[in-house]
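Structure record follows, encoded as structure tokens.
All values reported here derive from a predicted model rather than from experimental measurement.
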Amino acid sequence: MSKSYSGLCVVSLFSGIGGIELGLQSAGHSTKLFCEIDEAAQAVLRHQFPDIPLKSDITKLKTLPNCDLIAAGFPCQDLSLAGQKQGIKGKNSGLVGHLFRLIDRKRYKPDWLLIENVPNMLKLDRGKAMKYLISSLEDLGYSWAYRVVDARAFGVPQRRHRVILVASRIDDPRAVLFADDEEPPFGSEKPTDIEDGLAYGFYWTEGIRGVGWAIESVPPIKGGSGLGIPSPPAIWLPSEDFVGTPDIRDAERLQGFPENWTLPAVKAGHRESLRWKLVGNAVCSKVASWVGHRLNKPGTFNKDYIARPVGDSWPTAAWGRDGKAYIQTIGAWPEQPNAVRISKFLNHDMRELSAKATAGFLSRTSSEKCSVVYSDRFLTSLRNHLSSIELNN
């Protein structure tokens, strides 16, 4: 039986706007140090956590203060489907190597690590990213477990799947990650299955190979385009033939932050549009809160597993130690709160999706290259939305 690990002292690397730390704080843990290089994110951290020291460049850090847990939501640009796909050795994602460098230098290594990133790293380059992370952790004396979880399981209507990895030198991380398992409340999430009275989220910037379709929720909020242009998800209301995008304040809430959490970046002189990048790149604080509470009270878990070799493409949940890895059969929903509908969640009016954006999406759906099958009702509604905009203008 695992013991309780309450009130842990945390060092935060790749801090972003403090999503992991806000979540851990809600579970009674405290942050001792931030490290974040983005200046807009720094402005947010300084305002929201004014008493916590902030370092800027992890490559220049020579040591870390003693702590119980290191949290690291390291950059995903080289690992994500929408990113550069250069892999774990890429310019951005490769910075995670400094996490292991800094731990290796410590005489008293932290008991716990919490790492977050995108699920695509399980598949990219036949799982080389995971093999690198796992071998580095084991070289430092850690056992590990990871699991893909959906942010919707924690009461926010955002279909956001992320890999949560917990490693420990002193206890079994499975008691933290694998103690909770519920069934998702939604049925089919195909763009062909439309039900009256529901709202649907999708990405208007896609359309040919994917769309990020989500029932009564939005697809994962993105940091924006490579040009720095915000690309918030769209929400379709079938009964109204209306398509809109959420307000940035609701986007913050979809990531588990209070409204206007990123406003200090604007007050520090950064442009308003950067708030979307900050929110899209953040870790959902609700996910970190779940981990924090499970550290306080580890649970029991299913010990049935399947042995597998390290180094192949990786499953959605696994654990291991001493050079051996095991599949864990478990879903992406640790909890099942009362279903939170996006149409009821929003506090602010949506912004109407523009004629240009709507027409561009419709054009891609009719392309010969389009591999997605859409509901006729959906496409007809979008055409009605476009016609309404054009009539009003």
Side-chain angles (χ1 to χ4, degrees), residues 11-16 20 35-37 57-64 69-106 109-149 161-169 172-174 176-178 281 283 287 291 305-328:
V11 163
S12 168
L13 304 178
F14 312 106
S15 305
I20 292 179
C35 183
E36 172 56 49
I37 198 167
D57 190 346
I58 192 171
T59 67
K60 296 180 181 179
L61 282 181
K62 295 182 179 180
T63 188
L64 295 175
L69 181 150
I70 293 180
F74 69 96
C76 69
Q77 290 94 325
D78 301 309
L79 302 173
S80 69
L81 283 169
Q84 303 164 31
K85 301 180 185 177
Q86 294 180 9
I88 195 65
K89 298 296 185 180
K91 177 182 177 182
N92 296 296
S93 298
L95 291 171
V96 72
H98 290 283
L99 164 66
F100 303 125
R101 170 183 64 85
L102 289 165
I103 294 174
D104 188 47
R105 287 187 174 185
K106 289 192 66 60
K109 294 175 172 53
D111 293 333
W112 295 91
L113 301 179
L114 170 57
I115 297 173
E116 182 266 4
N117 217 286
V118 294
N120 195 52
M121 75 172 181
L122 301 175
K123 303 176 182 178
L124 189 65
D125 292 337
R126 295 178 62 86
K128 287 183 180 178
M130 285 303 300
K131 184 176 181 181
Y132 169 71
L133 293 178
I134 295 316
S135 62
S136 299
L137 289 170
E138 292 186 350
D139 287 346
L140 291 167
Y142 290 89
S143 60
W144 53 271
Y146 76 81
R147 177 181 182 181
V148 174
V149 300
H161 290 88
R162 289 294 184 267
V163 175
I164 305 299
L165 188 155
V166 174
S168 179
R169 292 170 54 86
D172 191 337
R174 291 179 292 173
V176 175
L177 282 189
F178 299 158
N281 288 340
V283 178
V287 177
V291 175
Y305 54 85
I306 305 170
R308 64 165 299 150
V310 173
D312 297 330
S313 59
W314 292 76
T316 55
W319 66 276
R321 56 177 176 261
D322 302 326
K324 296 180 180 180
Y326 306 92
I327 294 173
Q328 186 78 23

* Asked: Any side-chain heavy atom of Val176 sitting closer than 4.5 Å to one from Trp112?
  -> yes

* What distance do Asp139 atom CG and Ile103 atom CD1 have between them, rounded to the nearest 0.5 Å? -> 12.0 Å

* To do: Mark yes or no for whether Trp314, through its side chain, and Gly127, through its backbone, hold a donor-acceptor pair below 3.5 Å.
  => yes

* To do: Check for a donor-acceptor pair, side chain of Arg147 on one end and backbone N or O of Phe178 on the other, with a separation under 3.5 Å.
  => no

* Could you tell me the separation between the CG atom of Leu13 and the CD1 atom of Ile115, rounded to the nearest 0.5 Å? => 10.0 Å

* Structure fact -> Rounded to the nearest 0.5 angstrom, the SG-CZ distance for Cys35 and Phe14 is 7.5 Å

* **For Ser136, all residues meeting side-chain contact (heavy atoms from CB on, under 4.5 Å), sequence neighbours excluded** => Phe100, Tyr132

* **Where Trp144 and Arg321 come nearest, the two heavy atoms and their spacing** => NE1-N, 3.9 Å

* Would you mind reporting whether Ile164 and Val148 have side-chain heavy atoms less than 4.5 Å apart? => no

* Asked: Of all heavy-atom pairs between Ser168 and Pro173, which one has the smallest distance, and what is that distance?
  -> CB-CD, 4.4 Å

* Asked: Which atoms form the tightest heavy-atom contact between Arg101 and Thr59, and what is the distance?
  -> NH2-O, 3.9 Å

* Is it true that Lys324 and Asp322 have a side-chain N and a carboxylate O under 4.0 angstrom from each other? -> no

* Identified side-chain contact (heavy atoms from CB on, under 4.5 Å) counterpart of Tyr146 within the set Leu133, Leu122, Asn117 -> Leu122

* Asked: Between the side chain of Glu138 and the main-chain N/O of Gly323, is any donor-acceptor distance below 3.5 Å?
  -> yes

* Asked: Less than 4.5 Å apart, any side-chain heavy atom of Val11 and any of Leu69?
  -> no

* Is there a side-chain contact between Ile37 and Ile58, using heavy atoms and a 4.5 Å cut-off? -> no

* Value rounded to 0.5 Å, distance of CE in Met121 from CZ in Arg162 -> 10.5 Å

* Short question: side chain of Lys106, backbone of Thr63 - any donor-acceptor pair under 3.5 Å? -> no

* Given Gln328 and Thr316, is the side chain to side chain contact (heavy atoms under 4.5 Å, CB included) satisfied, shown in steps? -> CA-CA 8 Å; Gln328 186 78 23; Thr316 55; over 6 Å; no

* Side-chain donor/acceptor of Glu36 to backbone N/O of Gly16, under 3.5 Å -> yes

* Close side-chain approach of His161 to Val149, heavy-atom, < 4.5 Å -> no

* Can you tell if the side chain of Leu140 reaches within under 4.5 Å of the side chain of Lys109, non-hydrogen atoms only? -> yes

* **Residue that, paired with Val166, satisfies side-chain contact (heavy atoms from CB on, under 4.5 Å) out of Leu114, Leu113, Asp172** => Leu114

